[in-house]
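See structure below.
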Amino acid sequence: MNLIYGFITGIFFGFLLSKGQVLKYDRQIAAMQFKDMTIFKFMLSSIAVSMVGLYLFSDLGFITLNIKGFSWGAQVVGGLVFGIGWGILGYCPGTATGALAEGRVDALWGMGGMITGGLMYGFIYPLVKPILHLGKAGKLTLSDALGLNHWIVIVFALAFIGGVFWFFEKKKI
């Protein structure tokens, strides 16, 4: 049943990506040039909805959160690889998949890059494992790190996201 829920959620999210026009190459490039904040607004909206939904469902006992281990090394390396790939291709993995589903053949390069990158990672993992484990902090959330209830952190995060939206709208970007 979880796979069915995931499939339905994925279709709904893909529909929203398409309707929000974040699968368009021109929007991706404009976002990287800080000329069009549509993509960032979409991401921030997704983060806001996810924060509230996941913690609400967790607090109500509908789901159990499975927090993954945190490591500064993995975050830095992963962020660099993700950012370089997005910058070169003009799509992130999610938008490349959505763009391909919409019939944009250029996204095939991204899919090939993801498969190639995954294979390369498998081969070089033993070499990069020490780097990826630098600064290991265990299963850590922001609320744990700050020693605050997660709802306090969520309220401040939502206020911050609201401020970012206000700024983008004021600047008309």
Side-chain angles (χ1 to χ4, degrees), residues 2-3 6 9-10 13-14 17 22-25 27-55 57-58 63-101 104 106-154 156-158 160-161 163-164 168:
N2 286 341
L3 289 176
T9 303
F13 190 67
L17 285 170
V22 297
L23 301 176
K24 293 186 176 187
Y25 178 79
R27 291 252 190 207
Q28 296 284 326
I29 298 303
M32 286 184 261
Q33 296 172 334
F34 299 106
K35 294 179 180 176
D36 183 343
M37 297 293 116
T38 301
I39 304 251
F40 295 111
K41 291 176 189 175
F42 190 90
M43 284 193 271
L44 290 172
S45 298
S46 298
I47 291 168
V49 170
S50 297
M51 276 190 308
V52 172
L54 287 173
Y55 277 100
F57 286 169
S58 176
I63 63 170
T64 302
L65 297 179
N66 183 14
I67 308 299
K68 303 296 181 199
F70 178 86
S71 152
W72 281 105
Q75 298 304 310
V76 170
V77 170
L80 286 171
V81 170
F82 181 91
I84 290 168
W86 189 10
I88 290 171
L89 179 65
Y91 292 114
C92 72
T95 56
T97 306
L100 185 62
R104 293 197 184 83
D106 60 330
L108 276 174
W109 288 103
M111 305 309 278
M114 286 185 255
I115 291 167
T116 303
L119 290 170
M120 287 174 51
Y121 178 74
F123 287 116
I124 67 168
Y125 178 75
L127 299 172
V128 297
K129 185 178 178 181
I131 296 168
L132 298 178
H133 290 279
L134 287 174
K136 263 182 123 171
K139 295 184 175 193
L140 184 67
T141 65
L142 184 57
S143 58
D144 292 337
L146 296 173
L148 297 170
N149 179 283
H150 53 265
W151 287 108
I152 294 170
V153 174
I154 289 170
F156 279 101
L158 292 175
F160 175 78
I161 290 170
V164 170
F168 288 162

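The first residue of the sequence shown is numbered 1, and numbering continues consecutively from there.
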- Message: Tell me whether the count of non-hydrogen atoms from other residues, nucleotides or ligands lying under 6.0 Å of CZ in F160 goes above 12.
- Response: no

- Could you state the interatomic distance from CG (L132) to OG (S71), rounded to the nearest 0.5 Å? 6.5 Å

- What class does the angle between the rings of H133 and Y125 fall in, given that below 30° is parallel, 30 to 60° is tilted and above 60° is perpendicular? perpendicular

- Item | Pairwise side-chain contact, T95 with R27, heavy-atom cut-off 4.5 Å (strictly under) | no

- Message: Let me confirm one number: the OG1-CE distance from T116 to M120, rounded to the nearest 0.5 Å.
- Response: 8.0 Å

- Query: Quick one: does S58's side chain have a donor or acceptor within less than 3.5 Å of a partner on L54's backbone?
  - Reply: no

- Message: Please check this pair: side chain of S50 against backbone of S46, looking for a donor-acceptor N/O pair closer than 3.5 Å.
- Response: yes

- Within-4.5 Å side-chain heavy-atom neighbours: L44 and V164: yes

- Which residues pass the ring pair (Phe, Tyr, Trp, His ring centres under 6.0 Å) test with F70, sequence neighbours left out? W72

- Message: I need the L100 CG to L108 CG distance, nearest 0.5 Å.
- Response: 5.0 Å

- Query: Can you check whether V22's main-chain N or O pairs, donor with acceptor, with Q28's side chain at less than 3.5 Å?
  - Reply: yes

- Message: Below 30° counts as parallel, above 60° as perpendicular, anything between as tilted: where do the rings of F40 and F168 land?
- Response: tilted

- Task: Start with the C-alpha distance between V52 and L158, add both sets of side-chain angles, then the distance that settles side-chain contact (heavy atoms from CB on, under 4.5 Å), and finish with yes or no.
- Result: CA-CA 9 Å; V52 172; L158 292 175; 3.9 Å; yes

- Item | Side chains of F156 and L146 in contact at under 4.5 Å (non-hydrogen atoms) | no

- Given side chains that start at C-beta, do those of K24 and R104 come closer than 4.5 Å, heavy atoms only? yes

